[in-house]
Amino acid sequence: MNAQKFIKKAAYEVIVKKPVEDVTLKEILSVAEVSKQTFYRYYKDKYELANEIYAQLTQQGIIEPEKIQNEDDWRNLYLKQFAAFREHMEFVRHLYSSRETGCTVDFEIASTIRFDKIILSRKGADLKNPRIIFAIEAKDVGGTYAMRDWILAGMQVEDEEMVERFRLIIPQILVPYFL
């Protein structure tokens with residue numbers, strides 16, 4: 001196992017136990033048994049590291065724009081992501097509780113906007129239209145905060161119901177491209 005894998009494994013183990021704000025770099029380095037210099041070779045800070053782990057656990061192999069052809073594909077994508085959230089609940093919850101700029105909420109918003117732009121562009125949406133851009137950003141910011149609140153509340157609403165709620169927040173101008 002290389003140093004980067006040790007760092008990721010250590011960060012996951014530490015963040016599962018407490019909010020990312022309370023995690024120190026010293027703790028991660030101690031568990032990983034690597035130096036600060038080694039850490040900074042790969043990451044600028046613990047938030048970049050946490051977001052990379054988050055992406056690996058909840059997006060890679062799940063968030064694949066090229067596989068989205070219809071509403072069922074979109075629904076299944078969300079269900080797979082929600083299953084990953086449940087599998088890594090404490091880690092994800094500790095990331096979403098962060099108020100630090102650049103942590104997971106901001107990362108998820110940026111990722112979702114990128115994803116939606118790929119999907120919408122492929123389906124013929126005019127990404128130079130300011131109304132479409134505004135609608136994408138409104139949907140993705142609102143959806144991410146709704147998802148954060150759902151995760152922090154323990155994901156008590158069933159996954160299928162959350163997918164339906166996400167469907168309901170799609171702005172009218174975007175509906176033809178999503179459904």
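No hydrogens, no waters, no symmetry mates; every other heavy atom, side chains included, goes into these values.
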Item to check | Close side-chain approach of W74 and I119, heavy atoms under 4.5 Å | outcome: no
Item to check | Parallel, tilted or perpendicular: ring planes of F166 versus Y78, cut at 30 and 60 degrees | outcome: tilted
Item to check | R165: partners by salt bridge (Lys or Arg N to Asp or Glu O under 4.0 Å), with sequence neighbours left out | outcome: E161
Next on the checklist: As an exercise, state the distance from CZ of R148 to CG of L95, rounded to the nearest 0.5 Å.
Outcome noted: 13.0 Å
Checklist entry - Going through the checks in order, is the side-chain contact (heavy atoms from CB on, under 4.5 Å) test met by F178 and L120? => result CA-CA 8 Å; F178 276 105; L120 295 171; 3.8 Å; yes
Item to check | Donor-acceptor pair, side chain of H94 and main chain of V20, under 3.5 angstrom | outcome: no
Next on the checklist: Under the criterion side-chain contact (heavy atoms from CB on, under 4.5 Å), I'd like the reasoning laid out for Y145 against V105: C-alpha separation, chi angles, the key distance, then a yes or no.
Outcome noted: CA-CA 7 Å; Y145 277 96; V105 170; 3.6 Å; yes
Item to check | Closest heavy-atom pair and its distance - S35, L29 | outcome: O-CD2, 3.7 Å
Checklist entry - Between F85 and M147, is a side-chain contact (heavy atoms from CB on, under 4.5 Å) present by the stated rule, with each step listed? => result CA-CA 10 Å; F85 290 161; M147 187 169 66; 3.3 Å; yes
Next on the checklist: Between Y12 and Q56, is the side-chain contact (heavy atoms from CB on, under 4.5 Å) condition met? List the steps.
Outcome noted: CA-CA 11 Å; Y12 181 89; Q56 284 182 314; over 6 Å; no
Checklist entry - Closest heavy-atom contact between G143 and I169? => result CA-CD1, 3.6 Å
Item to check | From OG1 (T144) to CG (D149), nearest 0.5 Å | outcome: 11.0 Å
Checklist entry - Going only through I, L, V, M, F, W and Y residues with side-chain contacts under 4.5 Å, is there a path from I170 to I118? => result no
Item to check | NZ on K117 to CD1 on I132, rounded to 0.5 Å | outcome: 11.5 Å
Checklist entry - Sub-3.5 Å donor-acceptor pair from the side chain of R41 to the main-chain atoms of A3, do we have one? => result no
Checklist entry - Taking a hydrophobic cluster as the set of Ile, Leu, Val, Met, Phe, Trp and Tyr residues connected by side-chain heavy atoms closer than 4.5 Å, whether directly or through intermediates, do I7 and Y40 fall within one such cluster? => result yes
Checklist entry - Hey, does the side chain of R86 reach the backbone of M155 with a donor-acceptor pair shorter than 3.5 angstrom? => result yes
Item to check | ILVMFWY network linking F91 to M89, side-chain heavy atoms under 4.5 angstrom | outcome: yes
Checklist entry - Closest approach of Q156 and A153, non-hydrogen atoms and distance? => result NE2-O, 3.3 Å
Item to check | Residues that E33 engages under salt bridge (Lys or Arg N to Asp or Glu O under 4.0 Å), provided they are two or more places apart | outcome: none
Item to check | Non-hydrogen atoms of R122 and P65 that approach each other most closely | outcome: NH1-O, 2.5 Å
Checklist outcome for this item: L57 and I62 have their tightest heavy-atom pair at O-CD1, 4.3 Å
Checklist entry - Distance from I151 atom CD1 to E108 atom CD, nearest 0.5 Å? => result 8.0 Å
Checklist entry - With distance as the sole criterion, is a donor-acceptor pair present between the side chains of Y42 and E52 under 3.5 Å? => result no
Checklist outcome for this item: Interatomic distance, CG@L49 vs CZ@F39, rounded to 0.5 Å, equals 5.0 Å
Item to check | Contacts of K123 that satisfy salt bridge (Lys or Arg N to Asp or Glu O under 4.0 Å) - sequence neighbours left out | outcome: none
Item to check | Flag for Y43-Q4: side-chain donor and acceptor within less than 3.5 Å | outcome: yes
Checklist entry - Would F82 end up clustered with V157 when hydrophobic side chains under 4.5 Å apart are linked, directly or stepwise? => result yes
Checklist outcome for this item: Residues pairing under salt bridge (Lys or Arg N to Asp or Glu O under 4.0 Å) where one sits in residues 125-144, two or more places apart or in two chains, turn out to be D116-K139
Checklist entry - Which pairs with one or both residues in residues 14-28 pass salt bridge (Lys or Arg N to Asp or Glu O under 4.0 Å), sequence neighbours excluded? => result K18-E27
Checklist entry - If two hydrophobic side chains count as joined below 4.5 Å and joins carry through other members, does V16 share a cluster with Y54? => result yes
Checklist entry - Just wondering, do D106 and N51 contact through their side chains at under 4.5 Å, heavy atoms? => result no
Next on the checklist: Can you give me the closest heavy-atom contact between Y47 and S98, atom names plus distance?
Outcome noted: CE2-OG, 4.0 Å
Checklist entry - Has the side chain of Q69 got a donor or acceptor atom that lies under 3.5 Å from a matching backbone atom of E66? => result yes
Next on the checklist: Under the rule for side-chain contact (heavy atoms from CB on, under 4.5 Å), what residues qualify as partners of S97, not counting sequence neighbours?
Outcome noted: P19, L152
Item to check | From OG1 (T58) to CD1 (I53), nearest 0.5 Å | outcome: 11.5 Å
